[in-house]
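Whatever order the structure lists them in is the order used to number ligands and atoms, beginning at 1.
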Amino acid sequence: MPRDVATELIHHRYQPPAGFEAPQPAVHKASTVIFKDVAAMRARDWRSKAGYTYGLHGTPTTFLLEERIATLEGGLHGSLVPSGLAAVALVDQALLSQGDEVLLPDNVYGPSAALARGELARWGITHRLYDPMDVAGLAAMIGPATRLLWLEAAGSVTMEFPDLHGLVTAARARGVTTALDNTWGAGIAFCGFDSGVDIVMQALTKFPSGGGDVLMGSVVTRDAALHERIKLTHMRLGLGVAGNDAELVLRSLATMALRYAAQDRSGRELAQWLATRPEVARVLHPALQDAPGHANWRATCTAAAGLFSVMLHERYSREQVDAFVDTLQLFRIGYSWAGPVSLVVPYEVSEIRNAGARRREHLRGHLVRFSIGFEAVADLQADLAQALQRAFG
Ligand SMILES: *Cc1c(COP(=O)(O)O)cnc(C)c1O
């Protein structure tokens, strides 16, 4: 009996010829993965990349992206999660238990600290903030409950570049696992694992995506046992990424090194120009001579993200600073970075840093952060000039 067309449309006989190749890899999408027979289903093994079991545990598309990100970071094993923040949370949940302590740099990505203050605290995991520019101070803080040290280079918003190797060495000497948030360096400016860290995470939302249109995160290790631990937590939490999102990141990875270099060049040009402006008390860009941690940056990095902050003079009012930001035309107001559109965000240092940091000389005044996109530098500079003139002139 011929089968009904409804059935034929699902179980169609035609198979396109194998061997198709194109510059971009195919996009596989699945919750269900079909097994060839019961034996194959029983033999399924979601841990190794030997085969497929369920969409959540990987498809050819996500395996490909995982491997490319692991290579980008200089690691061996990778996991993908739906956002950069989810990558931070995955590391915390995989490694921390009730009674443990995690140490975060004072200039940590804000939501990472919020996670520690919220969920981690509720689960009986304590945290303390350390000064990332003080290796001896960090070493003295490590106690018997300290399990995990988070690092960030350069730090979020205030852009201090720490002595990564010194911090990691202090932690390792006490058996503390170290995790680097490598979103700024993106695997391009330096290799996170070279500093000795155990785990490198990245918000793929930023440079690997490069479009301002995808949220994703990664966790990479060199150590198989550590990867296994993270993978188990990843599986039990039900974390996964969509094929179409993985496709967008795979497509953008091809141009990532070029984009990083272009935004670095434009960023440094604008940072140097802003440093000459009378309205600007300080430019916080690790590649600039007088930036906090510049020597560490020079010893560690071959490039810098097109991301920096400026401290506008204390003598201005918050209203003037807001007016400056509102008067910018090409720079749009918004979070995130590494996309095509240049972005600007004003921050209150007193709201994002502890009291000690607030007193620091390099953080006096009003902080405004810039993320440089792909517009022509001359146009961006003209935009900054007109807004400075109108707000402070
Ligand atoms: C953006 C960012 C994250 C979080 O990434 P999302 O994908 O937005 O959750 C984490 N760390 C740093 C340093 C970031 O800049």
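Of the candidates F374, F207, F190, F207 is the only one forming a ring-ring contact (aromatic ring centres under 6.0 Å, His included) with Y260. Of the listed residues (R147, R229, R172), just one forms a salt bridge (Lys or Arg N to Asp or Glu O under 4.0 Å) with D198, and that residue is R172.
Closer than 4.0 angstrom to ligand 1 by heavy atom are S83, G84, L85, Y109, E152, S156, D181, T183, A203, T205, K206, L215, W337, sorted by chain and number.
Evaluation of the salt bridge (Lys or Arg N to Asp or Glu O under 4.0 Å) rule for R277 yields E279 as partners, not counting sequence neighbours.
Checked against the 6.0 Å centroid criterion, the rings of W337 and F308 do not qualify as a close aromatic pair.
Between R122 and E119, at least one side-chain N (NZ, or NE/NH1/NH2) sits under 4.0 Å from a carboxylate O, which counts as a salt bridge.
Under a 3.5 Å cut-off, the side chain of R128 and the backbone N or O of M141 do form a donor-acceptor pair.
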